[in-house]
Amino acid sequence: MNGTNANGEANASKPAPWTPSSWRQCPIKQPVDYASESAVVKSRSKLQRLPPIVTPTEIWRLRRSLADVAQGKAFLLQGGDCAELFDYCRDDAIDAKIKLLLQMSLVLIWGGNKPVVRIARMAGQYAKPRSSPMETVDGKQMPSFRGDILNGYQPSEREIDPDRLVQAYFHSAATLNYVRAQLSSGIADLHNPMDWNLGHVGDPVLQAKYNMIVESITESLRFMQTVGADTTSNLRTVDLFTSHEGLLLEYEEALTRKLKHPSNRDVPPTMKPASAPEVSPLTGGALIDETIQEPEITGYYNTSAHFLWVGDRTRQPDHAHIEYFRGIENPIGIKVGPTTSVADLTQLLDIVDPNNEVGKVTLITRYGAGKVDELLPVHIEAVRKTGHTVVWQCDPMHGNTRSTTTGIKTRSFSAVFAELAAALRIHRSCGSILGGVHLELTGDDVTECTGGSQGLQDEDLGQRYETFCDPRLNEKQALELAFLVAGDQRG
Ligand code: PEP
Ligand code: MN
């Protein structure tokens with residue numbers, strides 16, 4: 001990543017100029033070997049001609065919201081499938097997810113008494129990192145399923161297919177089109193009664209508690225209607241942003257566009273040079289001509305989603321994914337886990353957020369319930385010393401995966417809640433802010449995680465185990481988690 005000076009000598013202190021393709025010069029984890037380079041070129045040029053799926057105006061709306069989250073003025077709810085399939089691009093599945101995220105956000109607003117920013121892991125979450133490129137299915141060795149953007153889950157579809165890059169774009173666009181259409185048609189209209197579906201909660205104390213929260217929310221909405229405070233459009237629809245792991249850089253690069261910044265962008269003071277700077281504020285490299293002509297008018301936007309994150313397996317500071325991520329204007333996330341060193345964390349923040357922009361980076365912590373007490377305080381302290389103001393988000397899913405005695409991958413609701421409750425408590429005691437939660441969930445009635453008020457046991461997992469990657473909270477478990485967090489926040 002380091003550049004060379006005018007004499008062609010290596011320059012260790014300044015990074016080379018960033019371009020959407022500069023990641024190609026770096027070592028990469030989770031590489032993809034396409035059998036046909038010409039087919040990849042064809043897909044790439046098709047993607048480069050297609051219009052953006054999201055716009056800079058929307059991206060900056062989210063960035064401003066995340067700046068609020070970083071400062072404790074709002075809470076972030078992010079959730080969706082582990083691996084989204086092209087087949088989930090269906091009205092019922094999308095409706096169920098929108099409704100669930102909406103209901104969870106209402107509960108969290110009630111609990112935290114502040115606005116909730118909603119980001120769906122949806123409309124593009126098609127690429128999956130894998131621990132091994134090959135796996136054994138029914139005694140046969142075959143390439144691992146790497147997400148619908150690369151290959152199919154069915155054994156007959158395991159070869160990498162470059163045409164899937166283009167299919168990913170169209171499924172992503174169709175999903176977001178339907179989300180936008182449903183939101184503008186009133187799916188999130190709070191005047192409509194909601195089915196909270198709490199019949200499964202057997203414990204009478206919990207039933208009463210959850211019913212009290214629902215009644216309180218319903219009463220607040222009724223009151224607003226009675227006094228006429230609902231005449232604005234605020235109660236009729238909500239923002240729902242999209243996100244995915246930015247794993248397949250071939251795709252991300254093709255949808256990265258140099259676009260005009262929206263006029264209402266909040267430009268942090270550090271981005272307004274009094275005179276022309278000698279180095280690019282974006283790349284740290286020598287200014288190229290076009291930057292001198294229009295230093296603040298355009299920037300590089302990833303137009304495939306509002307928010308992208310770097311996974312735990314691909315966040316090495318000197319590797320391709322971080323090189324790509326440092327150049328885009330979108331708000332970004334970085335997964336932080338038990339193997340993240342303090343030195344790496346500090347270096348990562350300096351690379352991707354050189355101008356210390358509030359809320360530009362979300363640190364998505366995923367240690368596991370057994371490790372969070374030991375590791376999170378150390379990372380909080382390390383980040384405090386850097387001066388970066390990040391969004392701290394807890395992913396209580398990925399550090400809590402376990403196998404049943406029959407080899408089914410699952411997660412216990414109690415461990416998921418334990419890590420989340422610990423993160424809330426630790427941030428409070430360290431004087432920092434837990435800004436949000438990152439969940440793998442579905443609006444469907446699946447049986448993939450154990451526990452919760454339905455009391456699902458290991459033996460029950462076979463009933464509707466439908467995930468093609470990690471186990472997700474079902475609708476009831478996800479809503480219950482929101483109730484518990486809200487209860488915790490209210491004290
Ligand atoms: C994921 O979010 O699905 C994932 C793979 O997580 P992580 O990178 O934290 O392992
Ligand atoms: Mn996952």
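Every number for a ligand or one of its atoms is a count from 1 in the order of the listing.
The ring of F241 has its center no closer than 6.0 angstrom to the ring center of F307.
Taking every heavy atom of both residues into account, V446 and L456 meet most closely at O-CD1, 4.4 Å. When every heavy atom of S304 is checked against every heavy atom of Y251, the shortest pair comes out as CB-CE2, 3.9 Å. The shortest non-hydrogen separation linking V179 to L240 is CG1-CD2, 3.8 Å.
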Distances under 3.5 Å, N/O of ligand 1 against N/O of the protein: list each pair and its distance.
from: ligand 1; atom 1: 2 (O); to: R121; atom 2: NH1; distance (Å): 2.9
from: ligand 1; atom 1: 2 (O); to: R121; atom 2: NH2; distance (Å): 3.4
from: ligand 1; atom 1: 2 (O); to: K335; atom 2: NZ; distance (Å): 2.8
from: ligand 1; atom 1: 2 (O); to: H398; atom 2: NE2; distance (Å): 3.3
from: ligand 1; atom 1: 3 (O); to: R121; atom 2: NH2; distance (Å): 2.9
from: ligand 1; atom 1: 3 (O); to: K128; atom 2: NZ; distance (Å): 2.8
from: ligand 1; atom 1: 3 (O); to: H398; atom 2: NE2; distance (Å): 3.0
from: ligand 1; atom 1: 3 (O); to: E440; atom 2: OE2; distance (Å): 3.0
from: ligand 1; atom 1: 6 (O); to: K335; atom 2: NZ; distance (Å): 2.9
from: ligand 1; atom 1: 6 (O); to: H398; atom 2: NE2; distance (Å): 3.4
from: ligand 1; atom 1: 8 (O); to: D312; atom 2: N; distance (Å): 2.8
from: ligand 1; atom 1: 9 (O); to: K335; atom 2: NZ; distance (Å): 2.9
from: ligand 1; atom 1: 9 (O); to: R366; atom 2: NE; distance (Å): 2.7
from: ligand 1; atom 1: 10 (O); to: R366; atom 2: NH2; distance (Å): 3.0

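Within a 6.0 Å sphere centred on CD of Q48, other residues, nucleotides and ligands contribute more than 12 heavy atoms.
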Steps toward salt bridge (Lys or Arg N to Asp or Glu O under 4.0 Å) verdict (D81, R472) = CA-CA 7 Å; D81 298 293; R472 305 159 295 178; 2.7 Å; yes

message = Quick one, D350 with H388, criterion side-chain contact (heavy atoms from CB on, under 4.5 Å). Give me CA distance, side-chain angles, the key distance, then yes/no.
response = CA-CA 8 Å; D350 289 343; H388 294 272; 2.8 Å; yes

message = R257 vs E329, test: salt bridge (Lys or Arg N to Asp or Glu O under 4.0 Å). Steps then yes/no.
response = CA-CA 10 Å; R257 308 284 159 83; E329 298 282 340; over 6 Å; no

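Here the protein contributes C82 SG, H398 NE2, E440 OE2, D470 OD2 as N, O or S atoms under 2.8 Å from the Mn ion (ligand 2).
When each of R366, R121, K409, K97 is tested with E440 by the rule salt bridge (Lys or Arg N to Asp or Glu O under 4.0 Å), just one qualifies, namely R121.
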